[in-house]
Visitor: 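Sharing a structure with you now.
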Amino acid sequence: MARGKIQIKRIENTTNRQVTYSKRRNGLFKKANELTVLCDAKVSIIMFSSSTGKLHEYISPSISTKEFFDQYQKTVGIDLWSSHYENMLENLKKLKEVNKNLRREIRQRMGDCLDGLNMDDLNLLEQEMEQATKVIRERKYKSLGNQIDTQRKKFNNEREVNGRLIRDFEAIRAEDPRFGLIENPVEYDAVMGFSNIGPRMFALSLQPSHPNPHSGAPASDLTTYPLLF
């Protein structure tokens, strides 16, 4: 049965249009490759899908895209890049001017390049620097406040832990008479390696009720632990 002739017009259905694009694109690339192999031709095809915007291209393996367009320009006698190059130069000129102005403003804020400024310019520069100083000062105070809050939280946590240890110790001392406090700075310094600890620093002493005869230590030896009140 003969294949029906397809009317060449835009396919309204998006799905059918994308399927047809994919099939015919692959067929076109296949024909381009056959032309390259059979005739040693240099072929380049660039396609953009109207549905997805994706780029699809084919270029003969014997040439690059740049070489292909360079040869096209040379053959036709036109320059595809001249307008683009001119736009790049114009954009570069503007960027250099912006960079120059920014550098001058930076030097002015450092106290340089002030000779060309009149009174209004100097007043405006002074206001801008005062505003910048205000912002920096506010940021500094905020940073200091955050550090103070962090240290306060650490201090409160350590105080809670210390209070809990004191309560635990008081409970243990009430239950077991072997535990006691030795308010002896010399002995505490020997254990902790510090001096001038203060009147609220004590050492926790545990005297074993049954000394180990094999240890060689006298029965009066004390095991000392540091405790902060």
Side-chain angles (χ1 to χ4, degrees), residues 1-118 120-121 124-125 127-140 142-143 146 150:
M1 180 179 294
R3 183 177 180 182
K5 186 176 181 180
I6 300 177
Q7 185 179 4
I8 303 300
K9 67 176 184 179
R10 184 178 185 272
I11 302 175
E12 298 299 333
N13 185 277
T14 305
T15 303
N16 294 340
R17 186 167 63 246
Q18 183 61 29
V19 171
T20 302
Y21 171 82
S22 299
K23 290 181 178 180
R24 299 215 171 195
R25 180 197 66 212
N26 294 335
L28 184 60
F29 285 176
K30 181 179 179 181
K31 291 297 183 181
N33 183 64
E34 293 175 356
L35 190 61
T36 299
V37 175
L38 295 175
C39 305
D40 194 24
K42 298 175 182 178
V43 182
S44 175
I45 301 176
I46 299 176
M47 304 174 63
F48 289 94
S49 171
S50 60
S51 300
T52 62
K54 291 184 178 180
L55 166 67
H56 303 91
E57 63 176 334
Y58 173 86
I59 185 71
S60 299
S62 60
I63 193 172
S64 66
T65 302
K66 181 180 182 304
E67 292 172 345
F68 186 91
F69 282 101
D70 288 343
Q71 184 173 347
Y72 173 80
Q73 293 181 103
K74 183 178 180 180
T75 303
V76 180
I78 62 174
D79 188 353
L80 297 174
W81 317 115
S82 58
S83 60
H84 181 64
Y85 179 72
E86 291 175 359
N87 292 334
M88 291 179 61
L89 289 179
E90 185 66 23
N91 188 43
L92 177 61
K93 182 179 179 181
K94 293 179 180 179
L95 292 176
K96 286 184 176 180
E97 185 66 23
V98 171
N99 181 65
K100 179 181 178 181
N101 294 334
L102 290 176
R103 289 181 177 274
R104 183 175 64 253
E105 291 180 4
I106 292 175
R107 289 194 296 268
Q108 288 175 353
R109 282 162 173 75
M110 298 296 295
D112 298 330
C113 301
L114 301 178
D115 295 338
L117 300 181
N118 55 33
D120 292 337
D121 295 333
L124 179 60
L125 179 61
Q127 293 175 5
E128 292 176 350
M129 295 184 66
E130 289 178 352
Q131 182 64 26
T133 303
K134 180 181 178 181
V135 174
I136 295 173
R137 187 180 296 111
E138 291 176 353
R139 183 65 184 88
K140 182 184 70 173
K142 182 178 180 180
S143 178
N146 293 337
T150 301

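We number each residue from 1, following the sequence as shown.
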Visitor: Heavy-atom distance under 4.5 Å between the side chains of Lys96 and Asn99, does that happen here?
Guide: no
Visitor: Please find the pair of heavy atoms, one from Ile46 and one from Phe69, that lie closest to each other, and give the distance.
Guide: CD1-CZ, 3.9 Å
Visitor: Does the side chain of Lys31 come within less than 4.5 Å of Leu35's, by heavy atoms?
Guide: no
Visitor: What is the minimum heavy-atom distance between His56 and Tyr21, and which atoms define it?
Guide: ND1-OH, 3.2 Å
Visitor: Run the side chain to side chain contact (heavy atoms under 4.5 Å, CB included) test on Arg139 and Val135 for me, step by step, so that the C-alpha distance in whole Å, both residues' side-chain angles and the decisive distance to 0.1 Å come before the verdict.
Guide: CA-CA 6 Å; Arg139 183 65 184 88; Val135 174; 5.6 Å; no
Visitor: What's the spacing between Leu38 CG and Asn33 CG if we round to 0.5 Å?
Guide: 9.0 Å
Visitor: Determine, step by step, whether Lys42 and Glu67 satisfy the side chain to side chain contact (heavy atoms under 4.5 Å, CB included) criterion, reporting the C-alpha distance in whole Å, the side-chain angles of both residues, the deciding distance to 0.1 Å, and the verdict.
Guide: CA-CA 10 Å; Lys42 298 175 182 178; Glu67 292 172 345; over 6 Å; no
Visitor: If you define the side chain from C-beta out and look only at heavy atoms, does anything of Ile45 sit under 4.5 Å from Met47?
Guide: yes
Visitor: Heavy-atom distance under 4.5 Å between the side chains of Glu34 and Lys30, does that happen here?
Guide: yes
Visitor: Let me confirm one number: the CD-CD distance from Gln73 to Gln71, rounded to the nearest 0.5 Å.
Guide: 11.5 Å
Visitor: Is it the case that over 12 heavy atoms from other parts of the model lie below 6.0 angstrom from the CG atom of Asn91?
Guide: yes
Visitor: Above 12 or not: heavy atoms from other molecules or residues under 6.0 Å from CZ of Arg103?
Guide: no
Visitor: Between CG of Asp70 and OG1 of Thr65, what distance do you get to the nearest 0.5 Å?
Guide: 10.5 Å
Visitor: Would you say Tyr58 and Thr36 make side-chain contact, with heavy atoms under 4.5 Å?
Guide: yes
Visitor: Would you give the length of the straight line joining atom CD of Glu57 to atom CZ of Arg25, rounded to the nearest 0.5 angstrom?
Guide: 12.0 Å
Visitor: Are Gln18 and Thr14 close enough that some pair of their side-chain heavy atoms sits under 4.5 Å apart?
Guide: no
Visitor: Specify the closest pair of heavy atoms between Tyr72 and Ile78, including all atoms of both residues, with the distance to one decimal.
Guide: CE2-CD1, 4.0 Å
Visitor: So Glu97 and Lys93, do their side chains get closer than 4.5 Å, heavy atoms only?
Guide: no
Visitor: Rounded to the nearest 0.5 Å, what separates atom OG1 in Thr133 from atom NZ in Lys140?
Guide: 10.5 Å
Visitor: Quick one: does any side-chain atom of Asn16 pair with a main-chain N or O of Glu12 as donor and acceptor, under 3.5 Å?
Guide: no
Visitor: How about Leu125 and Glu128: do any of their side-chain heavy atoms sit closer than 4.5 Å?
Guide: yes
Visitor: Can you see which heavy atom on Leu114 is nearest to which on Gln108, and at what distance?
Guide: CD2-O, 3.8 Å
Visitor: Between Ala41 and Ser60, which heavy-atom pair has the shortest distance, and what is it?
Guide: O-OG, 3.4 Å
Visitor: If you measure from CD1 on Ile106 to CG on Asn101, what distance do you get to the nearest 0.5 Å?
Guide: 11.0 Å
